[in-house]
A.B. asks: 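The structure under discussion is supplied below as structure tokens; questions concerning it will follow.
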Protein chains: 2
Amino acid sequence: MEVARLAGVSPSTVSRILNGTAKVSDDKRLAVLAAIASTNFAPNPMAQGLKKGRSMTIGIVVQDISSPFFDETLRGVDDGLAGTGFASVIVSGHWNEEEETDRIRLLLARKVDGIILLSGRLSDAAVLRFSTQRPIVSTGRDLHTRNALGFKLDNEHGAMLAMRHLIELGHRRIAFVTGPRHNNDADERLAGYKRALHEADIALDPKLIVEGDFHEAGGLLAISHLFESQQQFTAIFAANDLSAYGVRLCLYRKGIRVPDDISLIGFDDLPGSSYTTPPLTTIRQPLYDMGRIATHALLRLINGETADSAIPPLELVVRETTRRVR
Amino acid sequence: MEVARLAGVSPSTVSRILNGTAKVSDDKRLAVLAAIASTNFAPNPMAQGLKKGRSMTIGIVVQDISSPFFDETLRGVDDGLAGTGFASVIVSGHWNEEEETDRIRLLLARKVDGIILLSGRLSDAAVLRFSTQRPIVSTGRDLHTRNALGFKLDNEHGAMLAMRHLIELGHRRIAFVTGPRHNNDADERLAGYKRALHEADIALDPKLIVEGDFHEAGGLLAISHLFESQQQFTAIFAANDLSAYGVRLCLYRKGIRVPDDISLIGFDDLPGSSYTTPPLTTIRQPLYDMGRIATHALLRLINGETADSAIPPLELVVRETTRRVR
DNA sequence: CTGTTAGCGCCTTCAC
DNA sequence: GTGAAGGCGCTAACAG
């Protein structure tokens, strides 16, 4: 080492000072520190990693890097990582099981010290399998092993919260815009929709359930179809906020007022939802907190500690797209 | 190497096959490939990096990981990196010069092979200084050295596009919501606002210029203030889309119709802007393309090749928030 | 064509 | 308390 030479000590001593591995006399310590400062030396992480088997990097798997849904969580991860010395490599699975598998393999090949999996299509079994190589925490699943931890929100309950709100406002004919097929969260929200109807003794009308895709375009299309099929309804529950935005636009195009003519409720509470016109009533997911909490948990798993999977619950945020039916 | 032993060859031969560095007889190649498959071996990137002085990682500096503005660009970067073998480490500067400097240092310490800097507060001089260590490409600046390349859009021109559109529609009293102080893009857009007014022989009324912060809340506040000060105007030009969303909400709260009573135009064309109510007329920034193009350029710089800094121009996207003044 | 050798930068014994 | 030696996994140069 350059620094060692400059300070007139051996490389080992420099290493000891950098890592606090052993006691070093004050004079040498000072000399080394000075040499480090003058060289502005920093240890090479690749060499460290090679030696210690730790890359000080964690992998994050999102599904879409430009979706506000994931980005809010990423912000939590980012803050959770601050000051820990860990950096993160973010990859996208694009809601595609194969791609997701591929990306995780890639992260593992890069020797990340742990993985945060946000949503996705992977089976729990697959996640468990990967977790034998590195600790994994994941949102949207129930997992509790030494190396894998899941953070699951009660989507069905959240959907019931939304429905009860609508029902309390006197709505009976409530349309539901689903998420994409085979999506867990989407399925559970649909279940909540049905259960709330049942709970309130309102007959389920399958015609009021239309298929969306968790995106604006899908929401818009879904509701257009509903109008074409001449259904009557006074409220719409969209399986996520993005769909609700699309629904909102469809309503605007038809000259239907929200909430005067039709009430609308979403799910997620994306950052933009307090600035839609009018601001959207929705079910709040603690996206940022989930990011932070999942990160802390992963760090604990990496250190061989245990972690729990408690997260804040879903809650109803009443804004201005819902009102009492006339 | 495990694999080498298994295949009965030397580690170098394995390396040669993996890298295609030299010709290897077919039988050995087959044996090695088989051994690799059975072990599902993958070379350790840290060892490779240590040896070759390349980490196959690039650093991305954004200002806010959860802003749709940056995320759209990140998507371009992500796609640009696909299949190149490079991974990316994303860090946030939070619009803070010190933090930005710090993060770049961190990336450099991690031995990234290059850096993509998205916007930010750093001086060109600082960027140039960093670029002596690793190639850097940056959006929002004019830079053309062997190791640093800037991608700059003509914000002033973009603002003029917006203003001319409004002026052609007959607007004369046009309010402007600025971006944050000391922000280059924001300043240039303001310049474009003024220049377009001048070009059209419309007297500049400083009272119509109100300060925003590039966020929704700032836009909302700015226009509230404007109303309080009793100004008359028929159109609002917001320095970015996020501000425009805030403006839109303020107008909604006051019962002012868009575009019937007041026209509104933004700047950026964020993905959400085609789904606001009504869809927002704005100036389109080629965010995704910038991400892709900047990435390709960086890859070229990393390989010691030259790259140019051509990007698609800003363009007006007319949607439904502007109309002819009555 | 292929094995041997050396070294990337660091950390961790192991001696002194 | 501190230096010397060895090795993490890989590849490039050097022999053959």
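Predicted model, so just to flag it, every value in this text is computed and none were measured. Just so we're on the same page: letters track the sequence lines, and every chain starts at 1.
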A.B. asks: Please say which of A/Lys152, A/Arg141, A/Arg129 ends up in a salt bridge (Lys or Arg N to Asp or Glu O under 4.0 Å) with A/Asp124.
C.D. replies: A/Arg141

A.B. asks: Is the distance from OP1 or OP2 of D/dT11 to the nearest side-chain N or O of B/Gln48 less than 4.0 Å?
C.D. replies: yes

A.B. asks: Is a side-chain N or O of B/Glu99 found less than 3.5 angstrom from the main chain of B/His94, in a donor-acceptor match?
C.D. replies: no

A.B. asks: Picking from B/Thr57, B/Ile58, B/Leu74, what satisfies side-chain contact (heavy atoms from CB on, under 4.5 Å) with B/Ser88?
C.D. replies: B/Ile58

A.B. asks: By nearest nucleotide on DNA chain C, pick out whichever of B/Val9 and A/Ala47 is the more 5' one.
C.D. replies: B/Val9

A.B. asks: Nearest to the B/Val24 side chain among D/dA12, C/dT2, C/dC10, which nucleotide is it?
C.D. replies: C/dT2

A.B. asks: Between C/dC10 atom C1' and A/Phe41 atom CZ, what is the distance in whole Å?
C.D. replies: 8 Å

A.B. asks: Answer yes or no: is there a donor N or O on one side and an acceptor on the other, between the side chain of B/Ser55 and the main chain of B/Lys111, under 3.5 Å?
C.D. replies: yes

A.B. asks: Please give, in whole Å, the distance from C/dT2 C1' to B/Lys23 NZ?
C.D. replies: 14 Å

A.B. asks: Does B/Ser12 get its side chain close enough to the base of C/dT4, under 3.5 Å, for a donor-acceptor pair?
C.D. replies: yes

A.B. asks: Looking at C/dG3, D/dT2, D/dG7, which one has an atom nearest to any side-chain atom of A/Arg16?
C.D. replies: D/dT2

A.B. asks: Measure the distance from CG on A/Asn44 to C1' on C/dC10 and round it to the nearest whole Å.
C.D. replies: 8 Å

A.B. asks: DNA chain C: A/Ala42 or B/Gly8, which has the more 5' nearest nucleotide?
C.D. replies: B/Gly8

A.B. asks: Take atom CG of B/Leu18 and atom P of D/dT11, then tell me their distance rounded to the nearest Å.
C.D. replies: 7 Å

A.B. asks: Can you check the B/Lys51 NZ to D/dG7 C1' distance for me, whole Å?
C.D. replies: 14 Å

A.B. asks: In whole angstrom, give the distance that lies between atom CG of B/Leu50 and atom P of D/dC8.
C.D. replies: 13 Å

A.B. asks: From CG of A/Asn19 over to P of C/dC10, roughly how many Å is that when rounded to an integer?
C.D. replies: 11 Å

A.B. asks: Between B/Glu305 and B/Arg300, is the closest basic N to carboxylate O distance under 4.0 Å?
C.D. replies: yes

A.B. asks: The side chain of B/Lys28 lies closest to which of these nucleotides: C/dG3, D/dC10, C/dC11?
C.D. replies: C/dG3

A.B. asks: Quick check for you: among D/dG3, D/dT2, C/dC11, whose closest atom lies nearest to any side-chain atom of A/Ser25?
C.D. replies: D/dT2

A.B. asks: Rounded to whole angstrom units, what separation is found between the CZ atom of A/Arg54 and the C1' atom of C/dC10?
C.D. replies: 16 Å

A.B. asks: Which nucleotide sits closest to the side chain of B/Thr13: C/dG3, D/dC10, C/dC11?
C.D. replies: C/dG3

